**Q** 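Take this structure first; my questions come after.
Just so it is clear, the model here is predicted, and its values are computed rather than measured.
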2 protein chains.
Amino acid sequence: MSCVFTLKQKGLKLTPQRRLIAEAIHDIPAHLSAEEIITYVQEKMPGVNKSTVYRTLELLEEAGCVYRSRIDDTFVYHHAEEGHHHHLVCRKCGKSVDCDEDLLASAEQEVADRYGFKVDLKHVVISGLCQACAHET
Amino acid sequence: MSCVFTLKQKGLKLTPQRRLIAEAIHDIPAHLSAEEIITYVQEKMPGVNKSTVYRTLELLEEAGCVYRSRIDDTFVYHHAEEGHHHHLVCRKCGKSVDCDEDLLASAEQEVADRYGFKVDLKHVVISGLCQACAHET
DNA sequence: GGCATAATTGCAACCAGGTGCAATTACAAT
DNA sequence: ATTGTAATTGCACCTGGTTGCAATTATGCC
């Protein structure tokens, strides 16, 4: 809901396609692939073009409503809620765990101090193996 | 050189195409994009197909001769030398800086301790803005 | 050197994601 | 309710990277 509102705020048009896309990322509390969002949208409104979906997601990202991260080879999108900004995602089972803000803060600081590099690791998705998947060979 | 030797060791064939690809990543001391490698190879041997290049690079990566990392939207390849395994790369000017091994080690440990996640951040490329690019608007 | 054969190549087709452009449509003003 | 217009859509095509498959070739063996 907040998403469509934010779009309006920016003087952008509120099309049924956009409403559906916002609905998808709003209603489904997970990291969605573009594929999944496209499917969701097309179920309720066949004929919606994938480029519309990609463009809307880009818009929502710019508006700060949605985060996009790359997980291995595909992009995943999730609703931007304050509080937990980066995530551990298991590369095998796909399970995702939110982790604390401060985890990479010190590394960020180090990079700035030592190398003068300005990086933002807040929305980074770290891919690895979860306990369960690491155990089974 | 070591690269082609490693391939031989594994019972793989040493084709002129592969020799050239190995030469590229061996001779040019930078993060090369696939594009650049393809160009290099095709200059010396026109007609070499991109899929050959991609497949060889994959092979070399599996053999541990080459690291592949994603930088923003494209893959970059570089010769695997021991010592400096992760890199800061400026998203604007492309400048690349090797950084210390231990930078992310503590973060890695934290992730393991707190969340049971097993991650490997050694070959990660961190993209950000270098001092120069951060200063100009 | 010639031969067998498994590995490798080039091709053509595919995938996710992105882009330029003409046709359509949401919205503001009347 | 109509209209004007700028934003948005769908389309068709493009990109980097990947894959299946038939044709080619590097290597081991005689």
Side-chain angles (χ1 to χ4, degrees), chain A residues 3-25 31-42 44-63 65-77 94 125, chain B residues 3-25 31-42 44-63 66-77 94 125 127:
Chain A
C3 309
V4 305
F5 203 74
T6 311
L7 288 182
K8 235 175 183 166
Q9 231 63 8
K10 290 200 157 195
L12 297 164
K13 290 185 182 172
L14 199 42
T15 64
Q17 292 92 330
R18 288 187 178 169
R19 230 181 273 268
L20 276 173
I21 294 160
E23 191 184 301
I25 65 121
H31 291 70
L32 295 168
S33 66
E35 197 86 19
E36 290 169 316
I37 296 171
I38 292 170
T39 305
Y40 178 96
V41 170
Q42 288 185 340
K44 312 212 173 187
M45 188 176 172
V48 175
N49 199 272
K50 60 177 178 155
S51 48
T52 301
V53 176
Y54 282 115
R55 279 189 284 230
T56 301
L57 287 168
E58 194 186 343
L59 224 58
L60 289 169
E61 197 195 0
E62 276 160 20
C65 301
V66 163
Y67 288 137
R68 173 175 97 150
S69 350
R70 197 187 281 279
I71 198 149
D72 284 327
D73 268 336
T74 43
F75 289 114
V76 292
Y77 302 82
V125 170
Chain B
C3 309
V4 306
F5 203 74
T6 311
L7 287 184
K8 234 175 185 166
Q9 230 63 8
K10 291 201 156 194
L12 296 165
K13 289 184 180 173
L14 200 41
T15 64
Q17 291 93 329
R18 288 187 177 169
R19 231 181 272 267
L20 275 174
I21 295 160
E23 191 183 302
I25 65 121
H31 291 69
L32 295 169
S33 66
E35 198 88 15
E36 290 169 317
I37 296 171
I38 291 170
T39 305
Y40 178 97
V41 170
Q42 288 184 341
K44 312 212 172 183
M45 187 178 174
V48 175
N49 198 272
K50 59 175 179 162
S51 47
T52 301
V53 175
Y54 281 113
R55 278 190 285 231
T56 301
L57 288 169
E58 193 186 344
L59 223 59
L60 288 169
E61 197 195 0
E62 275 160 22
V66 163
Y67 288 137
R68 174 175 97 151
S69 351
R70 195 187 282 280
I71 199 149
D72 284 326
D73 269 336
T74 45
F75 289 116
V76 292
Y77 301 82
V125 170
S127 115

**Q** To check you understand the geometry: which heavy-atom pair defines the closest contact between Leu20(A) and Tyr40(A), and what is its length?
**A** O-CE2, 3.8 Å
**Q** Distance check needed: dT27(D) P versus Leu7(B) CG, whole Å only.
**A** 11 Å
**Q** Is any side-chain N or O of Lys50(A) under 3.5 Å from a base N or O of dA16(C), one able to act as donor and the other as acceptor?
**A** no
**Q** Using atom CD of Glu58(B) as one end and atom P of dG16(D) as the other, report the distance to the nearest whole Å.
**A** 19 Å
**Q** Using heavy-atom distances to pick each residue's nearest nucleotide on DNA chain D, tell me which of Asn49(B) and Gln17(B) is more 5'.
**A** Asn49(B)
**Q** Just call it for Gly47(B): base, sugar-phosphate, or nothing, with non-hydrogen atoms closer than 4.0 Å on any strand.
**A** sugar-phosphate
**Q** Rounded to the nearest 0.5 Å, what separates atom CD in Glu62(B) from atom CZ in Arg68(B)?
**A** 10.0 Å
**Q** Taking N and O atoms by type only, does the side chain of Arg55(A) place a donor or acceptor under 3.5 Å from a partner on the base of dG10(D)?
**A** yes
**Q** Once rounded to the nearest 0.5 Å, what's the spacing between atom OH of Tyr54(A) and atom CG of Asn49(A)?
**A** 10.5 Å
**Q** With a 4.0 Å cut-off on N to O distance, would you call Asp72(B) and Arg70(A) a salt bridge?
**A** no
**Q** If we ignore hydrogens and angles and just use 3.5 Å, is the side chain of Gln42(B) paired with the main-chain N or O of Val48(B) as donor and acceptor?
**A** yes
**Q** Any chance you could measure Glu61(B), atom CD, to Ile25(B), atom CD1, to the nearest 0.5 Å?
**A** 11.0 Å
**Q** Rounded off to whole Å, could you give me the CG-to-P distance for the Leu57(A) and dT9(D) pair?
**A** 11 Å
**Q** Note down the inter-axis angle between the two ends of the helix from dG1(C)-dC30(D) to dT30(C)-dA1(D), five pairs each, to the nearest 10°.
**A** 20°
**Q** Tyr54(A) OH to dT9(D) P: how many Å, rounded?
**A** 16 Å
**Q** Write down the atom of Leu32(A), the atom of Ala24(A), and the distance for their closest heavy-atom approach.
**A** CD1-O, 3.9 Å
**Q** dA7(D) C1' sits how many Å from Lys13(A) NZ, rounded?
**A** 4 Å
**Q** When you get a sec, tell me which of dT18(D), dA16(C), dA7(D) is the closest nucleotide to the side chain of Thr74(A)?
**A** dA16(C)
**Q** Ignoring hydrogens and angles, write down the donor-acceptor pairs under 3.5 Å from the side chains of residues 7-19 of chain A, residues two or more places apart or on other chains.
**A**
| unit_1 | atom_1 | unit_2 | atom_2 | d |
| --- | --- | --- | --- | --- |
| Thr15(A) | OG1 | Arg18(A) | N | 3.2 |
| Arg18(A) | NH1 | Lys13(A) | O | 2.9 |

**Q** If the cut-off is 4.0 Å, is Thr15(B) near the phosphate of dT9(C), judged by side-chain N/O to OP1 or OP2?
**A** yes
**Q** Please give, in whole Å, the distance from dA26(D) P to Lys8(B) NZ?
**A** 13 Å
**Q** Please confirm whether the shortest side-chain N or O distance from Arg18(B) to OP1 or OP2 of dT9(C) is below 4.0 Å.
**A** yes
**Q** Rounded to whole Å, how long is the line connecting atom CZ of Arg70(A) with atom P of dG17(D)?
**A** 10 Å
**Q** Side chain of Ala34(A) only, please: which of dT9(C), dG17(C), dT9(D) is the nearest?
**A** dG17(C)
**Q** Among the nucleotides dA7(C), dT18(D), dT19(C), which one has an atom lying closest to any side-chain atom of Leu12(B)?
**A** dA7(C)
**Q** Can you identify which nucleotide, out of dA26(C), dT9(C), dC11(D), has its nearest atom closest to the Pro16(A) side chain?
**A** dA26(C)
**Q** Given atom CD1 of Ile21(B) and atom C1' of dT9(C), what is their separation to the nearest angstrom?
**A** 11 Å
**Q** On DNA chain C, compare the nucleotides closest to Phe75(A) and Leu14(B); which residue's is nearer the 5' end?
**A** Leu14(B)
